[in-house]
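See below for the structure under consideration.
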Amino acid sequence: MTDLWPQLSLLLPRVARPVRYINHEYGAVHRYDTDDPTDASFCMVYPDTYELGQANQAIRILVNAVNATEGMWAERAFLPDPEFADLMREEGLPLFSLESCAPLSEFTCVGITLPHELAATNVLETLDLAGIPLRASERGEAEPFVMAGGPCTYNPEPYAPFFDCMCIGEGEEAMPETVACIRDGRRAGKSRQEILVDLARIPGTYVPSLYEPVENPAEVGAMVRPIHEAAPAVVHKRVWEGFAESSGWEPCIVPFADLVHDRLNVEILRGCARGCRFCQAGMTYRPVRERSAENIVQSVLTGLKETGYDEVSLTSLSTTDHSQIEQILSRLGTELSGTGIRVSIPSQRLDSFGVGMAKLVAGEKRSGLTFAPEAGTQRLRDVINKNVTEDDLFNAIEAAFKAGWRRCKLYFMIGLPTETDEDVKGIASLVQRAYDCAREVTPPDQRGRIQIGASCALFVPKAQTPFQWCGQIPPEEALRRVNLLRNSVKYKQVRINWHDPATSFVEALMSRGGRECADLLQGAWERGSRFDAWTEHFREDAWRESAAACGLDVDAAAQRSFELREVLPWQHISCGVSLGYLRAEYRRALEGQTTPDCTFESCTGCGLCQDLNTDIYIQEARS
Amino acid sequence: MSPLQNTEKLYAILQAPRKNQPQDSFRLRVCFAKRGRAVMLSHLEVAHALERAVRRAGLPYAITQGFSPHMKIAFGAALPVGIGGERELFDVFLTSYIPPEEAHLALRDASVPDLFIVSCEYIERSAPAASNAYPVSLYEARIDGQLEGPLMPPPFITVVRKGKEKVLQVPDYLVAGPKVEGDSIQFALLARQEGSMRPDALLNAMLEGESNIRVRSLTRIHQLSDPYALPF
């Protein structure tokens with residue numbers, strides 16, 4: 001492979017934060033020159049800068065999975081910041097991998113993770129900077145196979161033309177299988193088209209070019225249908241059955257640069273069945289699987305020894321739900337006592353944050369706490385199936401402030417289905433009463449330090465959730481509700497933060513759009529959109545101009561509610577949770593009926609375990 | 001029942017005062033090189049990488065007893081991004097004695113090759129901090145191309161600090177050199193109470209007008225306590 005380092009190293013003195021591009025971190029894996037030249041090379045890309053991407057656990061997992069498989073090897077790549085991207089284009093330097101500093105276009109396959117809707121234009125920026133044709137149909141025989149994975153593949157259509165294939169669900173096994181399929185095809189001298197057909201036969205793999213749009217979706221039951229017998233009518237996500245039994249420690253790279261989450265991550269459980277009706281992760285990462293306390297404690301200790309980190313995070317969608325969390329935290333507390341090493345928990349549920357937890361999680365440090373009641377009234381919290389009460393919040397606040405915390409942030413969503421002005425005012429009331437509660441248990445001389453704030457974001461409907469049919473409220477209405485909230489807050493000590501809704505229509509479109517959104521996306525990128533998630537780079541005008549050129553009314557599309565019987569653009573992709581269940585959940589939402597968590601109570605009939613022939617796996621009974 | 005009701009007593013164990021808390025009795029001074037691609041690291045990035053190397057090496061490091069406990073470690077004078085160092089320093093306090101050669105090997109194995117551990121030795125606990133003990137830095141630049149004339153340091157250079165322009169008198173800082181020999185340019189700078197002069201800023205100022213010259217590397221090759229100890 002071409003080594004671009006000589007060219008890159010001359011540019012580094014001119015760029016911001018060169019540490020992003022130098023590679024050679026502790027733990028980086030390098031290929032031997034003596035390895036078989038027909039081995040497949042795989043470059044895993046996170047479509048944002050190093051600081052965000054290197055912290056992403058999927059990158060680590062998939063690079064390790066490919067490197068652990070005979071006959072293939074993996075490298076990493078990230079997007080440079082926009083200024084360096086421009087300099088690279090001026091200087092003719094294509095996007096490179098870190099380990100070999102090789103052009104992405106020389107790899108057998110390039111995998112791009114799709115972490116959230118606002119990374120969409122960065123996918124095109126990645127391909128263009130790499131000199132790879134944007135559309136799969138334009139790629140020649142020698143060019144890399146471009147693959148996608150990650151959360152946004154649960155509605156792949158806006159990205160469909162840009163990818164050769166997409167891996168739906170968990171990639172621990174699927175990714176090496178996919179790379180092996182391409183390698184074997186190449187070794188056997190197969191054409192690109194023949195290899196695509198082989199890929200379509202791998203479970204969980206969606207090859208967009210083997211599908212065509214249909215004119216009668218209602219009869220077909222999908223917006224697209226296969227045009228080759230190898231391609232399944234519905235692609236079911238992959239589940240890695242080995243998760244619970246596998247070690248929570250696997251080799252990882254210790255970066256030089258300060259990352260957004262710069263610490264050892266040990267994934268203690270996967271999946272969450274609380275069933276919040278707006279939450280995509282809660283539907284798509286099922287079933288719930290726990291690793292054992294013994295596994296987790298040993299993984300943390302090994303990981304800390306191997307990496308030298310001073311912080312470990314016990315990651316999952318809902319860490320305090322682990323049936324052995326108390327044992328895990330207490331054992332780690334004992335083992336790590338006196339080392340200055342901190343154990344942190346990324347997300348805490350209100351109903352499991354009691355006095356004991358308040359003391360166990362933070363060790364000696366009391367930085368800010370974050371809770372997510374999501375809605376201001378019990379009625380609306382029942383609609384979204386959040387299953388926490390005001391008392392849960394007040395108990396958590398009391399425990400936290402008694403234990404010495406002085407800062408707490410509460411997350412809410414504006415524009416949830418059925419929301420009324422009473423619900424919006426309810427947020428103000430709830431936050432103010434939370435403040436009262438904190439004040440009551442804080443010594444008088446420390447009350448001045450109390451900070452309680454609410455952060456609000458606009459609801460974005462997500463594919464594969466019970467709220468997938470619901471439209472987004474118009475931006476003017478969102479602003480009116482936020483102003484209503486602001487005016488309802490009487491305490492000057494309580495701060496309301498509002499996430500700028502300018503990007504929300506893009507999120508709604510990319511989340512629920514069909515293939516027509518691909519042209520919109522490409523048009524927006526061609527007009528200068530990239531790094532949409534970075535406020536200073538978001539270009540609303542580019543998106544709107546592109547929409548006009550495509551003849552799309554983006555506001556109407558974002559705000560549109562689907563009929564329950566309507567065929568959805570992602571109906572050929574299944575996360576295992578049945579459409580019937582999602583519909584039932586939607587109806588229950590409108591009636592304000594809650595649904596329990598199947599890991600605490602009995603099966604709620606989402607259909608996943610039967611459909612994917614799997615089961616939940618918990619270490620002890622949850623209570 | 002909450003799964004967390006028993007945590008009160010567990011917390012008590014966690015928070016109990018640690019008896020016979022070991023003292024930070026041993027001050028290990030580590031000399032390392034910042035070279036290769038690691039020259040592109042900032043001071044903070046170097047510090048973090050080496051702290052992690054200390055933990056990986058399994059050395060019995062002491063921790064501070066404050067609000068946010070962390071490793072007792074202190075770094076020598078900072079090097080800017082892009083500038084290497086052959087004899088950089090940090091001190092780490094240990095709670096028990098490890099033979100220096102053992103500590104050296106453990107640290108070398110735990111660090112990346114571009115942050116190369118040169119040596120380890122114990123020093124007095126009361127010795128001056130590594131960041132203050134050696135105010136004189138000897139730098140060497142390696143250049144490609146032929147110098148057109150003799151290298152003259154300018155009388156002053158103008159730098160921008162926190163958005164403000166500041167004029168630094170070169171004689172206040174430049175205590176030796178520049179000495180040119182083949183592709184090497186050596187000069188020594190004195191760190192002052194009110195701040196330091198960046199070696200790359202001075203080098204660029206000296207090379208102004210030398211359009212054929214490309215600086216291949218700039219490295220701090222020595223840190224000294226006394227300007228009279230300079231080799232030239």
Side-chain angles (χ1 to χ4, degrees), chain A residues 5 9-10 12-13 15 17-28 254-258 262 304-310 320-327 329-331 333-334 336-342 351-360 363-367 403 620 622-623, chain B residues 1-16 18 21-22 36-42 44-72 81-83 95 110-115 200 214-216 218:
Chain A
W5 178 255
S9 59
L10 293 181
L12 286 184
V15 312
R17 299 181 60 79
V19 63
R20 289 165 173 163
Y21 313 107
I22 62 173
N23 181 37
H24 286 209
E25 308 102 312
Y26 187 83
V254 184
F256 293 120
D258 286 337
D262 202 6
L304 289 171
K305 191 164 151 264
E306 297 283 333
T307 61
Y309 274 118
D310 64 348
T320 49
D321 280 346
H322 194 293
S323 61
Q324 298 171 318
I325 187 66
E326 191 183 345
Q327 185 195 345
L329 287 174
S330 60
R331 282 177 67 183
T334 311
L336 300 176
S337 165
T339 58
I341 289 168
R342 282 189 297 142
D351 45 351
S352 56
F353 192 88
V355 177
M357 186 58 93
K359 292 177 172 176
L360 267 178
E364 285 131 30
K365 205 166 181 180
R366 298 274 184 279
S367 43
E620 293 173 19
R622 287 180 169 186
S623 58
Chain B
M1 193 185 91
S2 150
L4 298 158
Q5 274 173 1
N6 288 329
T7 47
E8 272 295 64
K9 70 170 189 270
L10 297 165
Y11 178 66
I13 299 172
L14 269 180
Q15 292 297 297
R18 283 151 209 144
Q21 178 73 43
R37 296 188 187 186
V39 302
M40 300 312 298
L41 301 182
S42 71
L44 209 58
E45 288 157 355
V46 170
H48 284 170
L50 288 169
E51 261 179 54
R52 288 168 184 167
V54 169
R55 284 196 210 89
R56 288 193 294 262
L59 297 183
Y61 60 87
I63 62 166
T64 61
Q65 299 296 307
F67 180 70
S68 165
H70 55 271
M71 181 186 294
K72 275 194 99 169
V81 172
I83 296 169
T95 58
S111 190
V112 292
D114 284 349
L115 291 176
D200 47 351
R214 190 182 80 85
V215 177
R216 202 161 65 231
L218 178 55

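Protein chains get the first letters and strands the later ones, always in sequence-line order, with residue 1 at the start of each. What you see below is based on every heavy atom in this structure, not just the backbone, and it leaves out hydrogens, waters and symmetry mates.
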- Are A/T339 and B/Y61 close enough, and set up right, to give a side-chain contact (heavy atoms from CB on, under 4.5 Å), and what steps lead you there? CA-CA 8 Å; A/T339 58; B/Y61 60 87; 4.1 Å; yes
- Query: Do you know which of A/A28, A/P18, A/P13 has the most heavy-atom pairs under 4.5 Å to chain B?
  - Reply: A/P18
- Item | Contacts of type salt bridge (Lys or Arg N to Asp or Glu O under 4.0 Å), residue B/D114, not counting sequence neighbours | none
- Just give me the residue among A/W5, A/Y21, A/Y309 that pairs up with chain B most often, heavy atom to heavy atom, under 4.5 Å. A/W5
- Can you say whether A/R17 sits under 4.5 Å from chain B via the side chain, the backbone, both, or neither, judging by heavy atoms? side chain
- Among A/L304, A/D258, A/T307, A/V254, residue most engaged with chain B (heavy-atom pairs, under 4.5 Å): A/T307
- Max heavy-atom pair count under 4.5 Å with chain B, selected residue of A/L10, A/D262, A/L12: A/D262
- Note on the structure: Applying a strict 4.5 Å limit to non-hydrogen atoms, the region of B/H48 in contact with chain A is side chain
- When the 4.5 angstrom heavy-atom criterion is applied to A/E25 and chain B, the contacting part is backbone
- Message: Which atoms of A/I341 are under 4.5 Å from chain B, going by heavy atoms: the side chain, the backbone, both sets, or neither?
- Response: side chain
- Message: Give me the atom names and distance for the closest heavy-atom approach of B/L115 to B/L41.
- Response: CD1-CD1, 4.3 Å
- Message: Need one label for B/A110: side chain, backbone, both or neither, based on atoms under 4.5 Å from any heavy atom in chain A.
- Response: backbone
- Item | ring pair (Phe, Tyr, Trp, His ring centres under 6.0 Å) involving A/Y26 - partner list, sequence neighbours excluded | none
- Among B/E51, B/M40, B/R56, the residue with the most heavy-atom pairs under 4.5 Å to chain A is B/R56
